[in-house]
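Counting starts at 1 for both ligands and their atoms, in listed order.
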Amino acid sequence: MATTAVARLLFGRVPRVSRNLSQFSSLKFYSSQPSNYEYIKTEKAGEKQNVGVITLNRPKALNALCDDLILEVKDAVEKFDKDSSIGAMIITGSEKAFAAGADIKAMQNQTFSQTVNGRMLEGWSSISDASKPLIAAVNGYALGGGCELAMMCDIIYAGETARFGQPEIIIGTIPGAGGTQRLTRVIGKSKAMEMVLTGNQISAVEAEKSGLVSKVFPPDQLLAEAVKLGERIATHSQIIVSLAKDSVNRAYETTLQEGLRYEKKIFYGTFATADRKEGMSAFIEKRPPKFINE
Ligand code: CAA
């Protein structure tokens with residue numbers, strides 16, 4: 001089977017992007033162009049402009065995640081995911097708040113039947129369906145849906161001032177976008193129970209210690225470090241990166257034996273790609289690989 005057909009079978013997508021007014025315009029290697037988004041900004045970052053950055057931008061509500069904001073994030077993720085020039089994506093917020101959760105003002109008067117019939121929060125998880133890696137760069141509050149949005153990403157980097165929490169219990173509800181599930185899988189039952197049942201926040205250092213966050217940086221260096229990470233990932237074959245991401249994610253969905261079988265099939269599948277051959281040839285010929293994402 002042709003490698004492109006294999007790729008389509010395994011994860012099925014390809015190319016285009018919209019960009020927007022940049023908060024990084026004073027920095028090197030950021031570019032933006034106008035878009036129609038109201039609650040987010042998007043730009044391309046990195047020396048090769050191969051990292052897509054999505055910045056939540058609803059400052060008056062500490063980036064509370066109203067429906068339209070989530071729709072915009074989903075749209076931006078989808079566009080970067082289809083843009084062949086992009087190798088990794090970042091979701092970030094402001095220095096004060098990554099996101100302070102779902103929009104409490106919008107939820108205040110909702111009834112049970114409205115939540116069921118309107119399938120409240122149901123579309124959020126599709127953000128994590130992206131085939132390219134998503135990095136959450138978290139400064140400030142990542143609470144409720146904000147913590148859940150960060151956990152929908154593949155890697156979380158945090159600024160020293162970041163605060164993570166699932167405070168829904170304080171307002172008479174429970175996490176509804178993965179907080180009881182993803183958090184428990186990542187930091188374990190005891191710590192997750194403590195956070196969900198008390199509503200207490202944890203610091204960036206605690207989050208790193210418990211495995212929720214992979215690295216902590218001074219707040220003003222966070223985004224640059226996340227871009228560096230994205231650039232590093234983007235040096236690899238996009239097709240192989242997607243397969244690796246898919247295989248790691250499978251560990252959360254299945255038993256060890258099933259997961260090992262799945263990994264092996266994906267590993268064999270890499271041998272149907274031109275990039276696997278190129279990677280190994282480049283190693284043997286002592287030169288950098290030239291991946292073509294096929
Ligand atoms: N929804 C709507 N508006 C919010 C909000 C939210 N989640 N979080 C903050 N805001 C608004 C505030 O209402 C306030 O607006 P006004 O100026 O119009 O009053 C503005 O943002 C600034 O907030 P504060 O004045 O409260 O700022 P602070 O610095 O004193 O406190 C905070 C910051 C600790 C984050 C506090 O705002 C807070 O506790 N926010 C709510 C956190 C929360 O409970 N999140 C969970 C939501 S439910 C959920 O997410 C369900 C799910 O699983 C998806």
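- Under 4.0 Å from ligand 1, the heavy atoms of Leu121 that appear belong solely to its side chain.
- The protein atom (non-hydrogen) at minimum distance from atom 37 (O) of ligand 1 is Leu62 CD1, 3.8 Å.
- Checked by atom type, the side-chain pair Ser85/Lys44 shows a donor-acceptor distance below 3.5 Å.
- If you check which protein heavy atom lies closest to atom 7 (N) of ligand 1, you get Ala102 O, 2.9 Å.
- Neither the backbone nor the side chain of Ile170 comes within contact range of ligand 1; no heavy atom lies under 4.0 Å.
- Note on ligand 1: Gly179 sits outside its first shell, no heavy atom being nearer than 4.0 Å.
- Of the heavy atoms in Ala64, only side-chain atoms (C-beta onward) come closer than 4.0 Å to ligand 1.
- Of the options Asp103, Asn63, Leu149, the smallest heavy-atom separation from atom 2 (C) of ligand 1 is shown by Asp103.
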Criterion salt bridge (Lys or Arg N to Asp or Glu O under 4.0 Å) on Glu253 and Arg185, from CA distance to verdict:
CA-CA 10 Å; Glu253 312 276 339; Arg185 281 167 168 77; over 6 Å; no
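- When hydrogens are left out, the protein atom nearest atom 39 (O) of ligand 1 is Leu143 CD1, 4.6 Å; that is the closest non-hydrogen contact.
- The N/O atoms of Gly176, backbone and side chain alike, include one that comes under 3.5 Å of an N/O atom in ligand 1.
- Of the candidates Gly165, Gly101, Ala61, Ala100, it is Ala100 that places a heavy atom closest to atom 42 (C) of ligand 1.
- Here the protein heavy atom with the shortest distance to atom 18 (O) of ligand 1 is Lys105 NZ, 3.0 Å.
- The distance criterion of under 3.5 Å between nitrogen or oxygen atoms is met by Ile104 with respect to ligand 1.
- Between Phe98 and Tyr141, a ring centre-to-centre spacing not shorter than 6.0 Å is recorded.
- The pair Lys132-Asp154 does not meet the salt-bridge criterion, since no charged nitrogen lies less than 4.0 angstrom from a carboxylate oxygen.
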The test is salt bridge (Lys or Arg N to Asp or Glu O under 4.0 Å); show your working for Lys228 and Glu225 and say whether it passes.
CA-CA 5 Å; Lys228 260 194 241 167; Glu225 292 293 338; 3.2 Å; yes
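- The nearest protein heavy atom to atom 54 (C) of ligand 1 is closer than 4.0 Å.
- When only non-hydrogen protein atoms are considered, atom 28 (P) of ligand 1 lies nearest to Lys96 NZ, 4.1 Å.
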Which donor-acceptor pairs under 3.5 Å do the side chains of residues 105-117 make with protein atoms, sequence neighbours left out?
from	atom 1	to	atom 2	distance (Å)
Thr111	OG1	Ser113	OG	3.3
Thr111	OG1	Gln114	N	3.1
Thr111	OG1	Gln114	OE1	3.3
Gln114	OE1	Thr111	N	2.9
Thr115	OG1	Phe112	O	2.6
Asn117	ND2	Ser113	O	3.2

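- Contacts between Met107 and ligand 1, counted as non-hydrogen atom pairs separated by less than 4.0 Å, involve the side chain only.
- Under a 4.0 Å N-O distance rule, the pair Lys79/Asp75 qualifies as a salt bridge.
- Considering backbone and side-chain N/O atoms, Gln201 never comes within less than 3.5 Å of an N/O atom of ligand 1.
- Between Arg276 and Glu294 there is no salt bridge, since no side-chain N of the basic residue sits under 4.0 Å from a carboxylate O of the acidic one.
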